[in-house]
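Chain naming here is simple, since letters A, B, ... match the order of the sequence lines and numbering starts at 1 in each.
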Amino acid sequence: MPNPLTETEIPHLRAALLGWYDAEHRPLPWRQEVSVYRTVVSEFMAQQTQIDTVLPYFERWMRLFPDFAALADAPEEAVMKQWEGLGYYRRARNLHKLAREVAALPELPTTAAQWQELPGIGPYTAAAIASINFADRTAVIDGNVIRVLSRLTADATLWKSSQQAQKQLGPLAQRLLDPERPGDFNQAMMELGAIRCRKARPDCLLCPIRTWCTGHRQGNPEAYPQVQRKATEKVTIERAWIVSEGKLLLERGAADSVRLADMYELPRLATLPEGFAKGDLHFKQQRGISHQRITEQVYHVKPPEKPTLNGHYVWASPTDLQQLTLSGPHRKWIRQHWSA
DNA sequence: AATCCGGGGCA
DNA sequence: TGCCCAGGATT
């Protein structure tokens, strides 16, 4: 059989995909009411994060920061606080910075190339914003699109990274893109990957483009894509549980730190000043980040008589704790173990 | 091109 | 436990 994705077939594929999308797309909040700002916020939140996780954050965010101007005017702490629990906190910092830059512009950028100049926006997010809001003819390539395209063409390449797959599949994605409805087409490709062309047990019988799909025809769509992954690394961190006069000692991440900048967490044991005495293990928790499996061991620690602590440390009462921004796991553990 | 982000959910 | 998720920045 010849390559089914000939130039004469592509318009039919586009029509089938868009027809399906029009009829069956999920009524996500940023689709029900579309604006540049809503697209930008949803795309930032959805980076490396599943849509179901994003939904409650998105609704809260829109109530507090309804537009670029409101976000630009908001203090940094308020912005970080709303992101608490969503992870990859640099996204929130970049989004805030972006709002301030956009609010200062005479008019909004319109092309993907222009959007990509802004903080926190790479090739994917730029294409999504520009195609959805300004009909810019730039194809998006995310994890969903990689899966759909590699199955469509039964591409057995062993990608060394998703970044490499994005690069290699770019021309095909661009060739398929419907020039009349680029935003809807981009969303349709992603929607298909999310609800039909799933990683496991894809619903090929309900797929609008299975006619053109080599993976389906061969009967092994789940074999694609093949992406090499790095093994999970195990990391252990020791932390201190120090309560004095009804307050819990917390440590603030350095403002210029790559991770958890200006956010609070239980103090690391290794970097506490002299005089703190490590006691028994209080509790132990696990969490994951990217390719790391992190075990956190929290010990009871007895402070010295007159502890001298620099500005990175703070004694927090339960009320203070409400105001501060912590990572999701630390917030949860403290709530579980500090029922004062 | 690799690595990190101290996320989170799911089989 | 491994894998994936509407990735981007940094080196």
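As judged by a 4.0 angstrom heavy-atom cut-off over every strand, A/Ser327 is placed among residues touching the sugar-phosphate backbone only. Across all strands shown, A/Lys332 has no heavy atoms under 4.0 Å from either base or sugar-phosphate atoms. Counting non-hydrogen atoms under 4.0 angstrom, A/Gly85 reaches the backbone sugars and phosphates but no base. Contact annotation for A/Arg31: base contact, defined as any heavy-atom pair under 4.0 Å involving a base atom. Residue A/Arg26 is in base contact, counting any heavy-atom pair closer than 4.0 Å across all strands shown. Across all strands shown, A/Arg229 has heavy atoms under 4.0 Å from sugar-phosphate atoms exclusively, and none from any base. Residue contacts for A/Arg239: at a heavy-atom cut-off of 4.0 Å it reaches a base atom on one of the strands shown. Residue contacts for A/Trp30: at a heavy-atom cut-off of 4.0 Å it reaches a base atom on one of the strands shown. Heavy atoms of A/Thr125 sit under 4.0 angstrom from primed sugar atoms or phosphate atoms, though from no base atom. Here A/Ile141 lies out of heavy-atom contact (under 4.0 Å) with every strand. Within 4.0 Å of A/Arg91, counting heavy atoms only, lies no atom of the nucleic acid at all. Across all strands, A/Ile237 comes closer than 4.0 Å to base atoms (heavy-atom distances).
Between the CD1 atom of A/Ile146 and the P atom of C/dC3 there is a distance of 16 Å, given to the nearest Å. A straight line from CZ of A/Arg198 to P of C/dA6 spans 12 Å, rounded to a whole angstrom. Between the CD atom of A/Gln166 and the C1' atom of C/dC5 there is a distance of 13 Å, rounded to whole Å. For the pair A/Glu233 CD and C/dT1 P, the computed distance is 14 Å after rounding to whole Å. What separates CD of A/Gln292 from P of C/dC3 is a distance of 16 Å, to the nearest Å. Taking atom NE2 on A/His291 and atom C1' on B/dG7, their separation rounds to 14 Å, with Å as the unit. Between A/Leu86 atom CG and B/dG9 atom C1' the separation is 13 Å, expressed in whole Å. In this structure, A/Leu95 places its CG atom 19 Å from P of C/dA6, rounding to the nearest Å.
Across the C1' atoms, B/dC5 and C/dC4 are found 16 Å apart, a figure rounded to whole Å. Taking the P atoms as reference points, C/dA6 lies 15 Å from B/dA11, given to the whole Å.
Between A/Ile121 and A/Ala128, the residue anchored nearer the 5' end of DNA chain C, judged by the nucleotide with its closest heavy atom, is A/Ala128. Both A/Ile51 and A/Gln116 lie close to DNA chain C; mapped to their nearest nucleotides by heavy-atom distance, the more 5′-ward contact belongs to A/Ile51. Judged by closest nucleotide on DNA chain B, A/Lys160 is the one of A/Val258 and A/Lys160 placed further toward the 5' end.
Among B/dG8, B/dC5, C/dA6, the nucleotide with an atom closest to any side-chain atom of A/Pro329 is B/dG8. Checking C/dT1, C/dG8, C/dA9 against every side-chain atom of A/Pro123, the shortest atom distance belongs to C/dG8. Side-chain atoms of A/Arg90 lie closest to B/dC4 of the nucleotides C/dT1, B/dC4, B/dG7. If you check C/dC4, B/dA1, C/dG8 against the side chain of A/Gln163, the one that comes closest is B/dA1. Counting only heavy atoms from C-beta on, A/Tyr88 has its side chain closest to B/dC5 among C/dA6, B/dC5, C/dT1. When each of C/dG2, C/dG7, C/dC4 is scored by its nearest atom to the side-chain atoms of A/Gln48, the top-ranked nucleotide is C/dG7.
Enclosure of atom NZ in A/Lys81 by more than 12 non-hydrogen atoms of other residues, nucleotides or ligands within 6.0 angstrom is indicated.
Ring pair A/His330/A/Trp333 is tilted by interplanar angle, where 30° to 60° counts as tilted.
Taking the charged nitrogens against the carboxylate oxygens, A/Arg14 and A/Glu9 have no contact shorter than 4.0 Å, which rules out a salt bridge. Electrostatic pairing of A/Glu84 and A/Arg331 counts as a salt bridge here, judged by a charged N lying under 4.0 Å from a carboxylate O. The residues A/Arg239 and A/Glu251 are annotated as not salt-bridged, no charged nitrogen and carboxylate oxygen being separated by less than 4.0 angstrom. The existence of a salt bridge linking A/Glu222 and A/Arg201 is excluded, since no basic side-chain nitrogen approaches an acidic carboxylate oxygen closer than 4.0 Å.
Between the side chain of A/Tyr124 and the base of C/dG7 there is no donor-acceptor pair of N/O atoms closer than 3.5 Å. Judged by atom type and distance alone, A/Arg287 does not reach the base of B/dG7 through any side-chain donor-acceptor pair under 3.5 Å. The base of B/dC5 sits with one of its N or O atoms less than 3.5 Å from a complementary donor or acceptor on the side chain of A/Ser290.
For the pair A/Arg91 and A/Tyr88, the cation-pi criterion (under 6.0 Å, within 45° of the ring axis) is not fulfilled.
A ring-ring contact (aromatic ring centres under 6.0 Å, His included) with A/Trp83 holds for exactly one of A/Phe58, A/Trp61, A/Tyr57; it is A/Trp61.
Residue A/Lys230 has no polar side-chain atom (N or O) positioned under 4.0 Å from OP1 or OP2 of C/dC3. Between C/dC5 and A/Gln50, no contact under 4.0 Å exists linking OP1 or OP2 to a side-chain N or O. In this structure, A/Thr232 reaches the C/dG2 phosphate: one of its side-chain N or O atoms is under 4.0 Å from OP1 or OP2.
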